[in-house]
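Contents: one structure, followed by commentary.
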Amino acid sequence: MLVDSAADANAAFLAYEKIRHRLPNARFPTQTKAVDSLAEISGQIDVYLLDAFGVLNVGESAIPGAPQRIRELQEMGKTVMVVSNAAGYPKSMLLKKYAGLGFGFSSDDVLTSREVLLAALENRPAVKRGLVATQAFPQEELENLNAVYLGEDPKDYDEVAEFLLIGAAEWTEARQSLLEAALISNPRPVLVGNPDIVAPRENGLSKEPGYFAHRLADATGVMPEFFGKPFANVFEMAFARLPTNLDYNRVVMVGDTLQTDILGGCHAGVKTALITDFGALKGLDAEDAVARSGIVPDFIMPAP
């Protein structure tokens with residue numbers, strides 16, 4: 001499920017703009033400052049909230065220079081936290097991946113939308129759930145859910161009380177059609193652990209759970225509940241790990257996607273920094289994308 005080229009990056013940008021009415025509103029700075037890297041703003045920032053895909057890595061490869069940059073910030077005493085919509089992965093798998101790419105993150109340094117979703121489920125009735133996720137990955141953190149992986153059997157779609165969209169690597173158009181039909185026949189809650197429409201990979205952009213969730217909303221009228229950027233729930237959980245006297249003016253959300261990372265950071269009341277050369281905007285005119293979206297970051301830089 002990969003797309004590539006600047007044309008496809010523009011199509012992804014337009015897809016995000018099409019669903020802006022389902023995203024939070026925010027106030028934006030009046031202008032953007034172009035800088036070379038995160039090091040250039042270190043005097044203004046104490047806490048760095050980092051997206052992963054397009055900021056630290058592209059697929060399974062580290063962005064050149066990113067491990068060294070993060071290590072330098074950590075050695076300066078900065079708080080560096082990954083805030084990612086990578087709901088499809090258990091945390092142990094992510095930590096192993098980051099370590100292999102040269103990043104030194106502890107468990108508390110990594111927050112994913114998967115954690116936000118699972119925390120929300122603790123306050124919901126324990127019902128049977130239909131799971132859109134990658135069965136090839138470990139079921140770690142999902143083992144206590146009364147859930148069935150959704151495949152080709154329509155009965156599985158009919159017998160669950162709500163649906164969880166966590167990972168889309170194994171999702172197909174046939175399964176999407178089954179889910180749409182099930183929701184039209186019997187509307188039920190749809191909880192989305194990854195609001196991203198796309199994610200940058202080595203060979204292009206992959207379609208993520210948010211892509212399928214918004215299609216469900218358009219086709220069925222069922223409004224999904226989203227967990228992760230740009231929504232407030234993930235930032236609230238991130239802030240809960242930081243000092244209570246946090247100065248939001250010295251916090252920056254760093255990301256590659258205007259409608260998730262930058263919009264979410266602005267909605268949360270922190271500064272934002274847009275990475276242009278490795279993620280969702282690769283191949284596009286970033287300043288033009290900012291102008292078209294109206295989503296204005298505080299800083300813009302080619303790489304972290």
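Predicted model only: the values in this text are computed from it and were never measured.
No more than 12 heavy atoms of other residues, nucleotides or ligands shown are found within 6.0 angstrom of CG on Asn25. Counting non-hydrogen atoms of neighbouring residues, nucleotides and ligands closer than 6.0 angstrom, the CD atom of Glu72 exceeds 12 such neighbours.
Every side chain to side chain contact (heavy atoms under 4.5 Å, CB included) that Asp288 has, sequence neighbours left out, goes to Asp285, Arg292. Scored by the side chain to side chain contact (heavy atoms under 4.5 Å, CB included) test, Met93 finds Tyr89, Pro90, Phe137, Pro138 as partners (sequence neighbours excluded). The ring-ring contact (aromatic ring centres under 6.0 Å, His included) search around Phe13 returns none, not counting sequence neighbours. Partners of Ala15 according to the side chain to side chain contact (heavy atoms under 4.5 Å, CB included) rule, which considers only residues two or more places apart in sequence or in another chain, are Ile197.
With hydrogens and angles disregarded, no donor-acceptor distance shorter than 3.5 Å links the side chain of Arg114 to the backbone of Gly193. In terms of modelled atom types and a separation under 3.5 Å, the side chain of Ser37 and the main chain of Ala39 share a donor-acceptor contact. Side-chain N or O atoms of Lys78 include one that pairs as donor or acceptor with a backbone N or O of Ile45 at under 3.5 Å. In this structure, the side chain of Thr257 does not engage the main chain of Gln259 through any donor-acceptor pair within 3.5 Å. Panel note: side chain Asp218, backbone Arg215; no donor-acceptor pair is recorded below 3.5 Å. Counting only distance, with no hydrogens or angles, the side chain of Asp298 and the backbone of Thr272 share a donor-acceptor pair below 3.5 Å. Glu208 places no side-chain N or O within 3.5 Å of a backbone atom of Ile166 that could act as its donor or acceptor partner.
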*Residue pair Phe105, Ile70: steps toward the side chain to side chain contact (heavy atoms under 4.5 Å, CB included) verdict*: CA-CA 10 Å; Phe105 295 125; Ile70 301 311; 3.8 Å; yes
*asked:* Determine whether Ile41 and Val35 satisfy the following criterion, side chain to side chain contact (heavy atoms under 4.5 Å, CB included), listing intermediate values before the conclusion.
replied: CA-CA 8 Å; Ile41 62 173; Val35 297; 4.3 Å; yes
_Could you walk me through whether Lys91 and Glu141 satisfy the salt bridge (charged side-chain N to carboxylate O under 4.0 Å, His left out) test, starting with their C-alpha distance in whole Å, then the side-chain angles of each, then the deciding distance to 0.1 Å, before giving a yes or no?_
CA-CA 9 Å; Lys91 179 172 283 191; Glu141 303 161 355; over 6 Å; no
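Annotation for Arg69 and Pro304: closest pair NE-O, 3.1 Å, computed over non-hydrogen atoms.
Tracing side-chain contacts under 4.5 Å through hydrophobic residues (I, L, V, M, F, W, Y), one reaches Leu150 starting from Val222; they form part of the same cluster. Residues Phe163 and Ile184 are members of separate hydrophobic clusters, defined by side-chain heavy-atom contacts under 4.5 angstrom among Ile, Leu, Val, Met, Phe, Trp and Tyr. The cluster map of Ile, Leu, Val, Met, Phe, Trp and Tyr, joined by side-chain heavy atoms under 4.5 Å apart, puts Leu94 and Leu118 in different clusters. Hydrophobic clustering (ILVMFWY, side-chain heavy atoms < 4.5 Å, transitive): Ile300 and Tyr16 are in one cluster. Both Val198 and Leu165 sit in one connected hydrophobic cluster of ILVMFWY residues. Membership requires side-chain heavy atoms under 4.5 Å apart, directly or through other members.
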Pairs of donor and acceptor atoms involving the side chains of residues 229-244, under 3.5 Å and at least two apart or interchain, shall be tabulated with distances.
residue : atom : partner : partner atom : Å
Lys229  : NZ   : Asp51   : OD1          : 2.8
Lys229  : NZ   : Val83   : O            : 2.8
Lys229  : NZ   : Asp261  : OD1          : 2.7
Asn233  : OD1  : Gly228  : N            : 3.1
Asn233  : ND2  : Phe226  : O            : 3.0
Arg241  : NH1  : Asp108  : O            : 3.1
Arg241  : NH1  : Val110  : O            : 3.1
Arg241  : NH2  : Glu115  : OE1          : 2.8

Going by atom type alone, with no hydrogens or angles, which donor-acceptor pairs under 3.5 Å involve a side-chain atom of residues 123-131 and a protein atom two or more places apart or on another chain?
residue : atom : partner : partner atom : Å
Arg124  : NH1  : Glu225  : OE1          : 3.4
Arg124  : NH2  : Glu162  : OE1          : 3.0
Arg129  : NE   : Glu162  : OE2          : 2.5
Arg129  : NH2  : Pro125  : O            : 3.1
Arg129  : NH2  : Glu162  : OE2          : 3.1

